[in-house]
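Just below is one structure, and these are the notes that go with it.
Throughout, a chain's letter reflects where its sequence line sits, starting with A, and its residues are numbered from 1.
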Amino acid sequence: MTNLIIILFSAIFINNYILSRFLGICPFLGVSKKLNSAVGMSLAVIFVMLIATAVTWPIQMFLLNPQNLGYLQTIVFILVIAALVQLVEITLKRYIPSLYKSLGVYLPLITTNCAILGVTILNIDEGYTFVEAMVNSLGSGLGFMLAMVMFSGVRSKLEGADIPKSFKGLPITLIAASITSLSFMGFGGVIENLFK
Amino acid sequence: MTKLQNFSKGLIKENPVLVLVLGTCPTLATSTNVMSALGMGAATTAVLLCSNIVISALRKIIPDKVRIPCFIVLIAGFVTMVQMLVKAFAPVLDQALGIYLPLIVVNCIILGRAEMFAQKNSVIDSAIDGLGMGAGFTLTLVMMGTIREVFGSGTWLGFPIPVLADNNISIMTMAPGGFFVFGLLIAIVNKLSGDKPKKKEFGCAGCPSAELCGKLNKEEVKADD
C-alpha cells in the first residue's frame, strides 16, 4: 500500500509530467489560457491516460512479450491509442452525452499527445504491475491537471502585466513556466521521506 | 524557390523550434547537454528525412481522409528502426535519451512537415526540406545544449571550461533552466526579427490538431462575450 502511495505522489509532484519530464508541453502552452479549458483538457488527459494504460499494459505483457515482439511497442501503442480515443469518443457521444459535451472537444487533441504515449511506455519501462501502472497513470494525470490549473492562474495574472515587447507572448509564458517548475523542485525527496 | 533556399529556410527563416515552435517537448528535455542534443537532433533528422521521402512518394496513393493515421504508421515504423539502430550501436545515447527516443513518433515537427510540405511536393524537394528542417532542429538543440551545459555543468561536450567548471549553476541543467533558456532564445529571435507583432501567440501551424485547438480557443472567446 505504501508503495502505491509513493508512486501516486511522486507521479504528481516529483516527476510531474509537464514541469519536470517535459511531456505534453503543447497543451500546456496552448490550452492553459483559461481555467475552464485547462480543467477540461486535464480531465480528458486523466481519462485517456487511465484507459490507455488499461489497454496497452495487457497488450505488452500478454501479447507482445510472449511472442518476442517487444520491438513493435511504439508502433502498436500509438495505433492502439489513436483507435481507442476514436472509440471512446463515439461511445461517449452515443451513451453519455453529458460527459461527451464536457470532454468531447478535447479528445481528438490528445491522440498525438506525447504525455499519453509517454505514460504507457514508462509504465512498461519501469516494470510496474498492472495496479501500479494504473496508479502511476492516475498520478501522472493528476499532476498534469495540477500544473495546468496552477499555470492558468499564473497566465491570467500575466495578461495585465507590462511586459517588454520582445518577451510578449510565448517567451514570457516560458519564463513563467520556468518559475512554476522551480517551485515544484521543492518537493524533491519529500515524498520518500514522508513514508519511510 | 531554389533548392538552396528550400534547404536554408529550415535553418533560420522557418526554424522549426524557434519560429514555428514545434517539437517543444524533446527540445526542452534533451538539451541538457551537447551530446544528447546532437543525438536527438540526428535521430529526428533521420526519421524526418525518411518519412518525408516516403510520404512524398506515396502522396498520390494515400487517400486524403485517412492520411493522418497513414503518416503516423509510416513515422512509427521509421522511429522503431532508428530506436533499434541506436540501441545496437550507441547504447550510451539510448540511456541518455531514454523515453524521448520512442516519443519522436509524436514529435509535431515530423507530422507537421508531412502535412505542410511532403504531401504537396516532389520527392527531391521533400528530402531537401526534411534535411533543412532537421538541420535547423539540430542546430537549435545544440545551441540550447551548449548554453545549458556550459553554464550548468561548466563543460562543453564533456571538456571542462576553466572558470565555469568550479562555479556551475546546476539549475540550468534542470527543468526550470530549460524553460528559461528556451524563453530567452525566442525573445532574442523576436528582437532580431524586429519585434513584428505576431498574429499567433503559440505557433501551432504544423500541428495536425491546430484547427481544432484554434476552434477551441475561438469558442471560448465567444462564450466570454
Exercise. Within the distance-only criterion (no hydrogens, no angle test), does the side chain of Ser178(A) pair as donor or acceptor with the backbone N or O of Phe179(B) below 3.5 angstrom?
Worked result: no
Seminar exercise, completed: In this structure, CE of Met174(B) is separated from OG of Ser181(A) (nearest 0.5 Å) by 10.5 Å
Seminar exercise, completed: With chain A, the option among Pro176(B), Gly183(B), Ala175(B), Ala76(B) that has the most non-hydrogen atom pairs under 4.5 Å is Pro176(B)
For this session: Could you check which of Ile116(A), Asp125(A), Leu19(A), Ile172(A) has the highest count of heavy-atom pairs closer than 4.5 Å to chain B?
Result: Leu19(A)
Seminar exercise, completed: When the 4.5 angstrom heavy-atom criterion is applied to Ala177(A) and chain B, the contacting part is both
For this session: Of all the heavy-atom pairs spanning Cys114(A) and Val106(B), show the shortest one and how long it is.
Result: CB-CG2, 3.5 Å
Exercise. Should we count CD1 of Ile163(A) as having more than 12 external heavy atoms under 6.0 Å?
Worked result: yes
Exercise. So do Ile175(A) and Leu184(B) actually touch side chain to side chain, heavy atoms under 4.5 Å?
Worked result: yes
Problem set entry | Choice from Pro102(B), Gly178(B), Gly98(B) maximising heavy atom contacts with chain A below 4.5 Å | Pro102(B)
Exercise. If you measure from CD1 on Ile78(A) to CD1 on Ile72(B), what distance do you get to the nearest 0.5 Å?
Worked result: 5.5 Å
Problem set entry | Contacting moiety of Ile75(A), where chain B heavy atoms sit under 4.5 Å | both
For this session: Counting only heavy atoms closer than 4.5 Å, note whether Val105(B) contacts chain A via side chain, backbone, both or neither.
Result: side chain
Exercise. Got more than 12 heavy atoms from elsewhere within 6.0 Å of CZ, Phe180(B)?
Worked result: no
Exercise. Quick one: are Cys26(A) and Thr24(B) in side-chain contact, heavy atoms under 4.5 Å?
Worked result: yes
Exercise. Does atom CE of Met35(B) have more than 12 heavy-atom neighbours, drawn from other residues, nucleotides or ligands, at distances under 6.0 Å?
Worked result: no
For this session: State, with a plain yes or no, whether a side-chain heavy atom of Gln73(A) is found less than 4.5 Å away from one of Thr80(B).
Result: no
Seminar exercise, completed: Rounding to 0.5 Å, atoms CG (Asn190(B)) and NZ (Lys168(A)) come to a distance of 11.5 Å
Exercise. Can you find a heavy atom in the side chain of Leu23(A) that is under 4.5 Å from one in the side chain of Leu103(B)?
Worked result: yes
Problem set entry | Sub-6.0 Å ring centroid separation between Tyr100(B) and Phe22(A) | no
Exercise. Chain B heavy atoms under 4.5 Å from Leu182(A): which part of the residue, side chain, backbone, both or neither?
Worked result: both
For this session: Check the surroundings of atom CZ in Phe184(A): do more than 12 heavy atoms from other residues, nucleotides or ligands lie under 6.0 Å from it?
Result: yes
Exercise. Say you draw a straight line from CZ of Phe167(A) to NZ of Lys191(B); how long is it, rounded to the nearest 0.5 Å?
Worked result: 10.0 Å
Problem set entry | Per-residue contact mode, Leu28(B) against chain A (heavy atom under 4.5 angstrom) | both
Exercise. Side chain, backbone, both or neither: which part of Ile171(B) has a non-hydrogen atom closer than 4.5 Å to chain A?
Worked result: side chain
